[in-house]
Amino acid sequence: MFKLSQDQIKHFNEKGYLIVENVLSDTDIAQIRAEYETILDREAPKLVAQGKLSRTYDELPFEERYTRILYELEDMYAIYQHLDISLPLLQDMPADASLNAGPAVFNHLLTNPNILDIAESIIGTGELYSNPVQHTRIKPPAAALPNSNIDSNVAKTGWHQDEAVLTADATDTNMLTVWVAMTDANVKNGCMMCVEGSHIKDVTMHCPGSHASSSAEIFIPDEFIDNDKVVPLEVGKGGLVLLHQRTEHGSYSNQSDAIRWSFDLRYHPVGQHTGREVFPGFVARSHSQPETVLTDANAWAQEWFETRDRIIAGEHVQFNERWKPYSRHELCA
Ligand SMILES: O=C(O)CCC(=O)C(=O)O
């Protein structure tokens, strides 16, 4: 059992964040990385055949290969959508919408026993639901990005609280964000930062983002951020950053010459509203009803693809629109 100490739990409760080093094993990281290499092996030739990419760059290691591919593509989603662990937040779901719902992310990440132990320590229950608000962020050097009109999946993340990303009916959900470092994360390569102690506030006003591909790209105006309390959330490869759902956070931009790779996952007690009901979550741990725990990676993938097909077939979906009325607010311009 990967147990947090009372001091670590106290730190999280008082400051709204906690850094936990050395949670993923080398095997976990290697398996996830191998899954991502396979995706580039599968998708790069298709992009070349479609005339979107000049060549597959298959002689390069994953990190450089992804950067070169991204730099060349007119639409980053042509590759990114295959790497994210969520479908895009679009009512108008493209017919070829995709995600990575592969076994390595299910077995080594979402259901990783060390991660679940830590989530159990903070949330205070062994009845844990894996919330479907989850993303892959592989951020190349900012200098290697083709333009600045690009979102937080590959570039700097604006200030926000994770609760504000959920639909308003999840206000009572006790959600923990678990941010997993696949590479070392530091100020130079664009680690996260947060406003210490901001979790005790209510949900702050957020501005709706302008990026068409994601209705989750909301941000808190800089004027509301207490810069004196900003702390960088540096962590080593395989470590975690835990965030309270109301902790204001964002990221630096990647000024290094290598990628910064992370996943962000979320857990809350079973039975609470996910705030993104249209996407599939699952019971990740249950001491009281172990038979309800999802252990089959294929079944998980199947749920995502069935969801995609229902949306494509016209099912009405409700994503978070609660900040739209602020689009004309003077601080959102
Ligand atoms: O990785 C990042 O840059 C941002 C992640 C984030 O904002 C989150 O997990 O809520």
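If you read the sequence from its start, that first residue is 1, and numbering goes on from there. Fair warning: this is a prediction, and the values are worked out from it, not measured in the lab. Basis for what follows: all heavy atoms, side chains included, without hydrogens, waters or symmetry-related copies. Atoms within a ligand are numbered from 1 in the order they appear, just like the ligands themselves.
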* Asked: Do K15 and E196 sit within salt-bridge range, that is, some charged N less than 4.0 Å from a carboxylate O?
  ->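 Looking at E196 together with K15, the answer is yes, because their closest N to O distance falls below 4.0 Å.
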Counterpart residues, side chain to side chain donor-acceptor pair (under 3.5 Å), relative to [X] (two or more places apart):
{"X": "T27", "result": "none"}
{"X": "N174", "result": "none"}
{"X": "R266", "result": "D162, T177, D264"}

- Query: Counting N and O atoms only, with roles assigned by atom type, does the side chain of E72 sit under 3.5 Å from a partner on the main chain of I69, one being a donor and the other an acceptor?
  - Reply: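 It does not hold such a pair.
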### Query
So which of E217, H249, K139 actually passes side-chain hydrogen bond (donor to acceptor under 3.5 Å, both in side chains) with T157?
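Testing each of E217, H249, K139 against T157, the sole residue satisfying side-chain hydrogen bond (donor to acceptor under 3.5 Å, both in side chains) is K139.
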Can you pull the residues with any heavy atom under 4.0 Å from ligand 1?
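Answer by chain and number: R137, K139, T157, H160, D162, T177, W179, M192, H249, S251, R260, S262, D264, R266.
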